[in-house]
Amino acid sequence: MKKYKGIIFDLDGTLLNTVYDLADSVNEVLRQMGFSGHDEEEYKMKIGKGFRNLIEVSLPEDQRNDEIIEKGLAMFVEIYDQKYKNRTVPYDGIPELLKELSSREIYFAVNSNKRTDYTNALVDKFFSDFSFIAVYGEREGVPKKPDPASALEIAQLMNRKPEEILYIGDSKTDMKTGENAGMDTIGVTWGFRGREELETNGAVYIVDRPEEILDIIRSRA
């Protein structure tokens, strides 16, 4: 039986609840552009494929041309830069999970489709007490999830085989990233998508609380 020796986490919807600041920022963009905004719950289905995609899918369908998308994206970055730490918080139990993983000398890292500067800033703000092997967001020249490139790069940094690493996230994108990297996946139900999407997309494990991740690791100790 293989032992899990490393973990790669998604960020938005997995470690941090970022939906409120993202929703506030996109709705402000839409308001300034003369369009209607969306409910916060609707944004849970829009988040996860990077900022440009978030703007594109939030615009009215007949306004999704490159010029308008790029204009909205530029506005979004300026607005989000002022809002991204306002209402974002770690999910209950996440700091305790990271503390326990550290005590067990299990390596962990972040792999997000969020822009790298914001990914790093948020990890620094909320998880500065912990040592991450890597904190990767969207990087120029590196394909985004579900491409496994970043996950496999992190595995090399950890000096772990892919099959020794758990890939943890809340969405189809995360489950496919882990699968593509040859890693077992854990889908978390407290995030933005829910159990059905995780089941449909092949999650090896599904958990409702962070402490259940420790149970999975203990079962392979």
Side-chain angles (χ1 to χ4, degrees), residues 3-19 21-22 47-48 50-51 84-85 88-171 173-175 177-178 180-188 190-192 205 207 209-218 220-221:
K3 182 177 180 180
Y4 296 124
K5 300 178 181 179
I7 290 177
I8 300 176
F9 290 102
D10 173 47
L11 185 67
D12 298 53
T14 302
L15 296 179
L16 294 175
N17 186 352
T18 57
V19 69
D21 290 333
L22 287 165
I47 296 166
F51 287 168
Y84 76 102
K85 297 179 183 178
T88 289
V89 292
Y91 287 100
D92 290 344
I94 291 297
E96 292 80 4
L97 170 64
L98 297 179
K99 183 177 180 180
E100 181 65 21
L101 293 174
S102 297
S103 73
R104 291 173 173 268
E105 298 183 344
I106 294 173
Y107 295 152
F108 48 87
V110 167
N111 183 29
S112 175
N113 278 344
K114 194 184 207 76
R115 226 174 66 175
T116 287
D117 50 352
Y118 291 106
T119 301
N120 278 277
L122 287 167
V123 170
D124 287 345
K125 176 176 174 59
F126 293 106
F127 305 120
S128 61
D129 291 342
F130 304 105
S131 296
F132 289 79
I133 292 295
V135 178
Y136 288 161
E138 182 181 6
R139 297 179 291 161
E140 187 174 352
V142 180
K144 293 187 293 186
K145 302 184 295 183
D147 190 283
S150 288
L152 292 173
E153 183 179 339
I154 290 169
Q156 289 185 325
L157 292 173
M158 289 181 173
N159 195 27
R160 301 288 188 254
K161 298 175 183 178
E163 58 266 28
E164 296 176 320
I165 298 173
L166 285 165
Y167 199 100
I168 302 179
D170 68 311
S171 71
T173 299
D174 297 310
M175 299 306 98
T177 304
N180 292 340
M183 301 172 182
D184 282 352
T185 52
I186 298 181
V188 305
W190 58 78
F192 298 158
Y205 308 98
V207 299
R209 302 182 310 280
E211 55 264 34
E212 293 178 53
I213 294 169
L214 294 174
D215 293 337
I216 292 168
I217 293 170
R218 292 188 192 106
R220 298 298 186 94

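- With rounding to the nearest 0.5 angstrom, the CD1 atom of Ile8 is 6.5 Å from the CG atom of Asn111.
- Atom CG of Asn159 has 12 or fewer heavy atoms from other residues, nucleotides or ligands within 6.0 Å.
- Of all non-hydrogen atoms in Asp170 and Gly13, the two that sit nearest each other are CB-O, 3.4 Å.
- Counting heavy atoms from C-beta outward, Phe9 and Ile186 have side chains that stay 4.5 Å or more apart.
- Note on residues 102-128: pairs passing ring-ring contact (aromatic ring centres under 6.0 Å, His included), not counting sequence neighbours, are Phe51-Tyr118, Tyr80-Tyr118, Tyr84-Tyr118, Phe108-Phe132.
- With a 4.5 Å cut-off on side-chain heavy atoms, Arg160 and Met183 do not count as touching.
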(message) Please evaluate residues Ile168 and Tyr205 with respect to the criterion side-chain contact (heavy atoms from CB on, under 4.5 Å), reporting the C-alpha separation (whole Å), side-chain torsions for both, the decisive distance (0.1 Å), and the verdict.
(response) CA-CA 9 Å; Ile168 302 179; Tyr205 308 98; over 6 Å; no
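- Tyr4 is not listed as a side-chain neighbour of Ile106, based on a closest heavy-atom distance of 4.5 Å or more.
- A heavy-atom distance below 4.5 Å is found between the side chains of Leu22 and Asp12.
- In this structure, NZ in Lys5 is found 13.0 Å from CE in Met158, a value given to the nearest 0.5 Å.
- Of all heavy-atom pairs between Phe130 and Ser102, the closest is CD2-OG, 3.9 Å.
- No side-chain heavy atom of Thr88 sits less than 4.5 Å from a side-chain heavy atom of Lys125.
- Distance check, rounded to the nearest 0.5 Å: CG of Leu15 to CG of Leu98 gives 6.5 Å.
- For the atom pair CG of Asp10 and CG of Asn113, the computed distance is 8.0 Å after rounding to the nearest 0.5 Å.
- Counting heavy atoms from C-beta on, the side chains of Tyr91 and Pro210 never come closer than 4.5 Å.
- Salt bridge annotation for Glu212-Arg209: present, with a cationic side-chain nitrogen under 4.0 angstrom from a carboxylate oxygen.
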(message) Test side-chain contact (heavy atoms from CB on, under 4.5 Å) on Thr14 and Val110; report intermediate values, then the result.
(response) CA-CA 10 Å; Thr14 302; Val110 167; over 6 Å; no
(request) For Ile7 and Ile213, run side-chain contact (heavy atoms from CB on, under 4.5 Å): C-alpha distance rounded to whole Å, both residues' side-chain angles, the deciding distance at 0.1 Å, then the answer. (result) CA-CA 10 Å; Ile7 290 177; Ile213 294 169; 4.2 Å; yes
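- Expressed to the nearest 0.5 Å, how far CG of Asp117 lies from CG of Leu122 amounts to 9.5 Å.
- Judged purely by distance below 3.5 Å, without hydrogens or angles, the side chains of Ser171 and Asp174 pair a donor atom with an acceptor atom.
- Nearest heavy-atom pair across Ala155 and Ile165 is CB-CD1, 3.5 Å.
- Pro146 is linked by a side chain to side chain contact (heavy atoms under 4.5 Å, CB included) to Thr173, Lys176, Thr177, Asn180, counting only residues two or more places apart in sequence or in another chain.
- Inter-residue side-chain proximity for Trp190 and Asp92 is flagged as unmet; no heavy-atom pair is nearer than 4.5 Å.
- We find the OG1-CG distance between Thr119 and Asp124 to be 10.5 Å, quoted to the nearest 0.5 Å.
- Residues Ala181 and Pro162 share a closest heavy-atom pair of O-CB, 3.2 Å.
- Contact check for Leu101 versus Leu214: side-chain heavy atoms found under the 4.5 Å cut-off.
- Put simply, the residue from Arg139, Glu138, Lys145 that forms a side-chain hydrogen bond (donor to acceptor under 3.5 Å, both in side chains) with Ser150 is Arg139.
- Here the closest heavy-atom approach between residue Tyr167 and residue Ala151 is recorded as CE1-CB, 3.9 Å.
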